[in-house]
Each structure stands twice: as C-alpha cells, then as structure tokens.
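So the structure is just underneath, and the comments pick up after that.
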Amino acid sequence: MTAKTFIIMTFGGFVAMAVFVLLIVLLGVTWRGGNEGMAWIFLAASVLASFSYLMYRQKWSPALTGARYLLAVERGLTIEEAMEICRKYSFLMLISAGIFLVAAIIAFFTY
C-alpha cells in the first residue's frame, strides 16, 4: 500500500462516515435512548473535521503525526513529502465537515 492510498482511504473513511450519518438523518432513523443530542454530536464532528482540514492544510505541528504514519507505510518517503501528501488530500476532510454540518442542521429540525 502506498502512502497516497493510505491517506485517501483514511480521509475517505471520514467522508463515508459523514455520508452514512447524513443518510440516517434523512431517513429519520430513531434508536432507543432518544435522538435529542445527536445534532450536537454531528456539529462537533463537523468542527473536528474542519479543524483537521486546517491542521493539514496549514501544516501545523500536530499534522506531523499523520505524516509519520505515512512514513511507516511507505519506505523512502521524506517528512516533507508526507506532509505534502496530507495537505494535498486534506480536501476530503473539508468535504466530510460540510456533510456533517448539513446532517447537524437537518438533525436540529428533525429530532
């Protein structure tokens, strides 16, 4: 597995979770225990995904952890190349943040 594939699968997983959450909200699925707090959880997920996008986009120091994971995946990669791969595909985190935000807004009116 290459570093590019690894980061796409990781960030793409967040997009998949956000799409799944949006589908649940649109279908109006309920579960035991109530749904009152779910909108706040989706909003928090949106904020966290937005923060992750900014962190990788601006190459803040916590982003080095993600870059080090890429170094473990692909030998011969430099830390600068790993940071650039993270920055390049960070738009997936922005997409997931937007989807979580839409799910939170719908959940505020649905639940």
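V19 meets the side chain to side chain contact (heavy atoms under 4.5 Å, CB included) test with V15, I99; sequence neighbours excluded. For A82, the side chain to side chain contact (heavy atoms under 4.5 Å, CB included) partners are A67, L70, L71, L77, not counting sequence neighbours. Partners of I105 according to the side chain to side chain contact (heavy atoms under 4.5 Å, CB included) rule, which considers only residues two or more places apart in sequence or in another chain, are L101, F109. When the side chain to side chain contact (heavy atoms under 4.5 Å, CB included) test is applied to K59, the partners found at least two apart in sequence or on another chain are M83, E84, R87.
Between I106 and L22 the shortest side-chain heavy-atom distance falls below 4.5 Å.
Transitive grouping of hydrophobic side chains (ILVMFWY, heavy atoms separated by less than 4.5 Å) brings L23 and M38 into a common cluster. By the rule that hydrophobic residues join a cluster once side-chain heavy atoms approach within less than 4.5 Å of another member, Y69 and M9 end up as members of one cluster. Clustering ILVMFWY residues whenever any of their side-chain heavy atoms sit less than 4.5 angstrom apart, transitively, puts I95 in the very cluster that holds I85.
To the nearest 0.5 Å, atoms CG (L48) and CG (L43) are separated by 10.0 Å. Distance check, rounded to the nearest 0.5 Å: CG of L94 to CG of L54 gives 8.5 Å. R57 CZ to C86 SG: the interatomic distance, rounded to the nearest 0.5 Å, is 12.0 Å.
Residues in residues 39-59 take part in these ring pair (Phe, Tyr, Trp, His ring centres under 6.0 Å) pairs, two or more places apart or across chains: F11-Y56, W40-F108, F51-W60. Within the structure, salt bridge (Lys or Arg N to Asp or Glu O under 4.0 Å) contacts touching residues 92-104 (residues at least two apart or in different chains) do not occur. For residues 8-25, there are no salt bridge (Lys or Arg N to Asp or Glu O under 4.0 Å) pairs, not counting sequence neighbours. Counting only residues at least two apart or on different chains, the side chain to side chain donor-acceptor pair (under 3.5 Å) pairs with a member in residues 5-24 are T2-T5. Within the structure, ring pair (Phe, Tyr, Trp, His ring centres under 6.0 Å) contacts touching residues 80-107 (residues at least two apart or in different chains) do not occur. Among pairs with a residue in residues 102-111, none fulfils salt bridge (Lys or Arg N to Asp or Glu O under 4.0 Å), at least two apart in sequence or across chains. Contacts classified as side chain to side chain donor-acceptor pair (under 3.5 Å) and involving residues 70-83 (residues at least two apart or in different chains) are given here: T78-E81. Within the structure, the salt bridge (Lys or Arg N to Asp or Glu O under 4.0 Å) test picks out no pair touching residues 11-23 (sequence neighbours left out).
Considering every non-hydrogen atom in both A49 and S96, the closest pair reads CB-OG, 3.7 Å. The minimum heavy-atom distance linking A107 with V25 is given by the pair N-CG1, 3.8 Å.
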Criterion side chain to side chain contact (heavy atoms under 4.5 Å, CB included) on I7 and L92, from CA distance to verdict: CA-CA 10 Å; I7 205 70; L92 292 170; over 6 Å; no

